[in-house]
Amino acid sequence: MATVKKSNKKKIIIPICIVLIIALVAGGIFAASQSRKTVTVSLSEIGAGDIVENVSATGNVQAGVSKTYSAGSIATCDEVFVKVGDKVKKGDKLATFNTNELDGQIASLQASYSDSSAAYHTALKNQKENKQKLASVNKQIKPLEKKMAKIQKANAQKSKTTTTTKKATTTTTTKAADISAEGNASGKNDPILPGIDASNDIASDLEEAVKALKDLADTISKLSDDITTTNQITREVMSRIAEELDKGTYSPEAISKAAGDAMSDAIKKGLIDETKLIIESGVAVQMIEQAVKSVNWAAIGKSIATSDNATTASIELQLAALYAQREIFSLGASTTTLNAQRQAMNAQKQALDTLKRTQSELKAGWVSSVDGVVTECGVESGQQTSALQTGIKIENLDKLVVKLSLGEYDVHKVSVGMKANITTAYGTYTGEIASIAPTATGGSNSSVLDNVGSMAGVSGLSSLTEKGAGVECIVTVDAPDDNIIAGFQANVEIQTGSFTGVPTVPIESIVLEKEGSYVYKYNEEDETVTKTKIEVGAHSDFAYEIKSGLTIGDKIVTTPGQDYKEDTFKVKVK
């Protein structure tokens, strides 16, 4: 009879399953216990209290009265009567100087200032004349532009109403071709202006002529800085050109020579002051002749002669000349050049006055204007002074002050006359605010520092960083003694306000975030706390005044944890 053996595998599997079941049950129990775990907190009740508000900062102890004497220029020191450590009285002589070296500098600056002043007043006179000339030119331009517009309108209307038959057009074209062929065969060109191709575009010729006339006016403007002289040159040259055109002269060489002769004659007759020209008169005449010669006078003549309306071309030329003059007068009438020359004149005057004042002070010698001690002496007998070095510095150490730098949140809390406590390594002193600067100095990083510092009850953080912007505040020291020394630091506490019977919250109960200040408020009904935003006011080292968000009798978490992950959750109260 066969025997069946029992498998050991079944015996092994059963215990393993039991272990897994136990592990799962234990894990579930642990997870459930963890989920039921609540945060244990201590509570504080909001009540009324008193707050004495202070602003605290660290500053440097300095002499209350000081005076620095600097040469501000190069001079020779004749004699020095003091040295570092000497006590001086108001009126004591400190040093004397020889200022002969400054005489040459003053004379040079005086000449420069005179030249700048003359140039400015000439420019001012020219500006007035240019404004008058500009008004006159604009007055001439306006009726011509109206006349031109009327003529162009009439020509346009005439062109619309004119009709020709195809046959007449063909006949006219054929005759014109025959005449042209005949002329070319006989070796002749345009009978009106020899050498000119009548097929050129008249409007294009006029445009080029207008540009050339503007270039001519620009050339004239460069011959002199005197507006009267340039105006006279313009009148003489333009007048002679008009005469030549009226005579039917269109040769560039002939018109150029006529313009040059007109300018030479005007100089000889004294109509143009040769001394007012920037360059020699001969060169000026050559420049005019070259500029006039560059104009396509033949094209202008052809435009006048072949135009459907000769009056139109004539007005175009008149306007071109007036537009060119208008550009010159507009430039001269502007304030840009005048302002630049005025600034140059004022700069020269300032430099001259400063040097004269420096010379006067050095000639009189340095005399102390305060009682005090000589703390710096950088001049020596027989040696030259430097414009950059400190000469002699006197400080009255019987009167001491502390210079602070207050951030934008703290400076609005303090005012002149407020009392202060000053603490050094060896003593405590009383004092008061003597002055507050009207503007801040330094960088722009203090706003973040002061914001956080103000909320945390720490004042004057901007004074602790080189980059922080701050407002300078001077605090006097009452009855200073030998224990407070200029050059060392001192801690200053300024009482800025006292608030009695106001709702307060402990500093340690507040959570500071970028968006504002928060506390965790307790709800007795469901035993939960909720993150609640509050507005705070005055503060001391221990508490803040509550402006909104909480009322007296509310309960809050005394010291909130840093790891709260929910805004509302169950708590267990100690």
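We use all heavy atoms of the structure for the numbers below, so side chains are in, but hydrogens, waters and symmetry mates are not. Model, not experiment: these values are computed from the prediction. Counting begins at 1 with the first residue of the sequence.
Here Glu361 does not pair with Lys363 in a salt bridge; the nearest charged N to carboxylate O distance is not below 4.0 Å. Remark: Lys269 does not engage Glu236 in a salt bridge, criterion side-chain N to carboxylate O under 4.0 Å. For Lys356 and Asp353, the salt-bridge test fails: no basic side-chain N is under 4.0 Å from an acidic carboxylate O.
Within 6.0 Å of atom CD in Gln350, 12 or fewer heavy atoms from other residues, nucleotides or ligands are found, so the atom counts as exposed in its surroundings. More than 12 heavy atoms of other residues, nucleotides or ligands lie within 6.0 Å of CD in Glu515, so this atom counts as buried by the packing criterion. Summarising the local packing, CD of Gln384 is surrounded by more than 12 heavy atoms from other residues, nucleotides or ligands at distances under 6.0 Å. Around the CG atom of Asp103, the shell of radius 6.0 Å holds more than 12 heavy atoms that belong to other residues, nucleotides or ligands.
Within the 4.5 Å cutoff, the side chain of Val402 has heavy atoms near those of the Val477 side chain. The side-chain heavy atoms of Thr229 and Leu277, taken from C-beta on, include a pair separated by under 4.5 Å. Arg240 is listed as a side-chain neighbour of Asp261, based on a closest heavy-atom distance under 4.5 Å. For the pair Val505 and Ile556, the minimum side-chain heavy-atom distance is below 4.5 Å. At least one side-chain heavy atom of Met263 sits less than 4.5 Å from a side-chain heavy atom of Val285. Between Val475 and Ile422 the shortest side-chain heavy-atom distance falls below 4.5 Å. Two residues are said to be in side-chain contact when any heavy atoms from C-beta on lie closer than 4.5 Å; Ile272 and Ile267 meet this criterion. A heavy-atom distance below 4.5 Å is found between the side chains of Asn339 and Arg342.
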Exercise. Between Ser548 and Glu535, is a side-chain hydrogen bond (donor to acceptor under 3.5 Å, both in side chains) present by the stated rule, with each step listed?
Worked result: CA-CA 5 Å; Ser548 65; Glu535 180 186 357; 3.3 Å; yes

For this session: Would you check, one step at a time, whether the test side-chain contact (heavy atoms from CB on, under 4.5 Å) holds for Ile485 with Val61?
Result: CA-CA 7 Å; Ile485 300 173; Val61 180; over 6 Å; no

Exercise. Could you go step by step and tell me if Asp92 and Lys89 meet the salt bridge (Lys or Arg N to Asp or Glu O under 4.0 Å) rule?
Worked result: CA-CA 6 Å; Asp92 287 353; Lys89 295 289 185 182; over 6 Å; no

For this session: Could you give me the CA-CA distance, side-chain angles and deciding distance for Ile436 and Val416, then say whether side-chain contact (heavy atoms from CB on, under 4.5 Å) is met?
Result: CA-CA 7 Å; Ile436 301 172; Val416 173; 4.3 Å; yes

Exercise. What do the steps show when you test Val536 against Lys547 for side-chain contact (heavy atoms from CB on, under 4.5 Å), and what is the final call?
Worked result: CA-CA 5 Å; Val536 297; Lys547 290 286 191 180; 5.9 Å; no

Problem set entry | Derivation of the side-chain hydrogen bond (donor to acceptor under 3.5 Å, both in side chains) call for Thr558 and Ser42 | CA-CA 6 Å; Thr558 302; Ser42 296; 5.3 Å; no

Problem set entry | side-chain contact (heavy atoms from CB on, under 4.5 Å) assessment of Val471 paired with Thr439 | CA-CA 6 Å; Val471 173; Thr439 58; over 6 Å; no

Problem set entry | Asn421/Gln495 under side-chain hydrogen bond (donor to acceptor under 3.5 Å, both in side chains): CA gap, chis, key distance, verdict | CA-CA 9 Å; Asn421 290 322; Gln495 182 175 324; over 6 Å; no

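Checked by atom type, the side-chain pair Thr275/Asp273 shows a donor-acceptor distance below 3.5 Å. Side chains of Glu289 and Ser256: no donor on one and acceptor on the other come within 3.5 Å. Between the side chains of Glu53 and Ser540, not a single donor N or O lies within less than 3.5 Å of an accepting N or O. Glu79 and Thr96 are not linked by any side-chain donor-acceptor pair at a separation below 3.5 angstrom, with hydrogens and angles left out of the test.
Side chain of Asp115 to main chain of Ser112: no donor-acceptor pair is present (N/O by atom type, distance under 3.5 Å, no hydrogens or angles). Side-chain N or O atoms of Lys399 include none that pairs as donor or acceptor with a backbone N or O of Asp478 at under 3.5 Å. Although no hydrogens or angles enter the test, the distance criterion places no donor-acceptor pair under 3.5 Å between the side chain of Asp86 and the main chain of Val82. Using modelled atom types, no side-chain atom of Asp265 and backbone atom of Ala262 make a donor-acceptor pair closer than 3.5 Å. In this structure a side-chain-to-backbone donor-acceptor pair under 3.5 Å is present from Ser294 to Ala291. Between the side chain of Thr496 and the main chain of Lys413, no donor-acceptor pair closer than 3.5 Å is present. Between the side chain of Thr234 and the backbone N or O of Thr230 there is at least one donor-acceptor pair closer than 3.5 Å. Of the possible donor and acceptor atoms, one in the side chain of Ser114 sits under 3.5 Å from a partner among the backbone N and O of Gln110.
Remark: Tyr120 engages no residue in a side chain to side chain donor-acceptor pair (under 3.5 Å) (not counting sequence neighbours). By the salt bridge (charged side-chain N to carboxylate O under 4.0 Å, His left out) test, Glu432 is found to be paired with Lys419, residues two or more places apart in sequence or in another chain being considered.
Here the closest heavy-atom approach between residue Val52 and residue Ser498 is recorded as CG2-OG, 4.3 Å. Of all non-hydrogen atoms in Ala63 and Leu400, the two that sit nearest each other are CA-CD2, 4.0 Å. Across all their heavy atoms, Ser381 and Asp78 have their closest contact at CB-O, 3.6 Å. Taking every heavy atom of both residues into account, Ala75 and Glu101 meet most closely at CA-OE1, 4.3 Å. Residues Val379 and Cys77 come closest through the heavy atom pair CB-SG, 4.4 Å. A pairwise comparison of heavy atoms in Leu406 and Ala57 identifies CD2-CB, 4.0 Å as the closest pair.
From Phe499, atom CZ reaches atom CD of Glu545 across 6.0 Å, with rounding to the nearest 0.5 Å. Note that the OG1 atom of Thr532 and the CD1 atom of Ile534 stand 9.0 Å from one another [nearest 0.5 Å]. Atom-to-atom distance recorded for Gln489:CD and Thr58:OG1 is 6.0 Å, nearest 0.5 angstrom. Note: Ile484 CD1 to Thr428 OG1 = 10.0 Å, rounded to the nearest 0.5 Å. Asp410 contributes atom CG, which lies 10.5 Å from atom SG of Cys473 (distance to the nearest 0.5 angstrom). Rounded to the nearest 0.5 angstrom, His121 NE2 and Ser116 OG are separated by 11.5 Å.
Relative to the six-membered ring of Tyr69, Lys67 meets both conditions, a distance below 6.0 Å and an angle of at most 45° to the axis.
Of the listed residues (Thr424, Thr476, Asp481), just one forms a side chain to side chain donor-acceptor pair (under 3.5 Å) with Tyr429, and that residue is Asp481.
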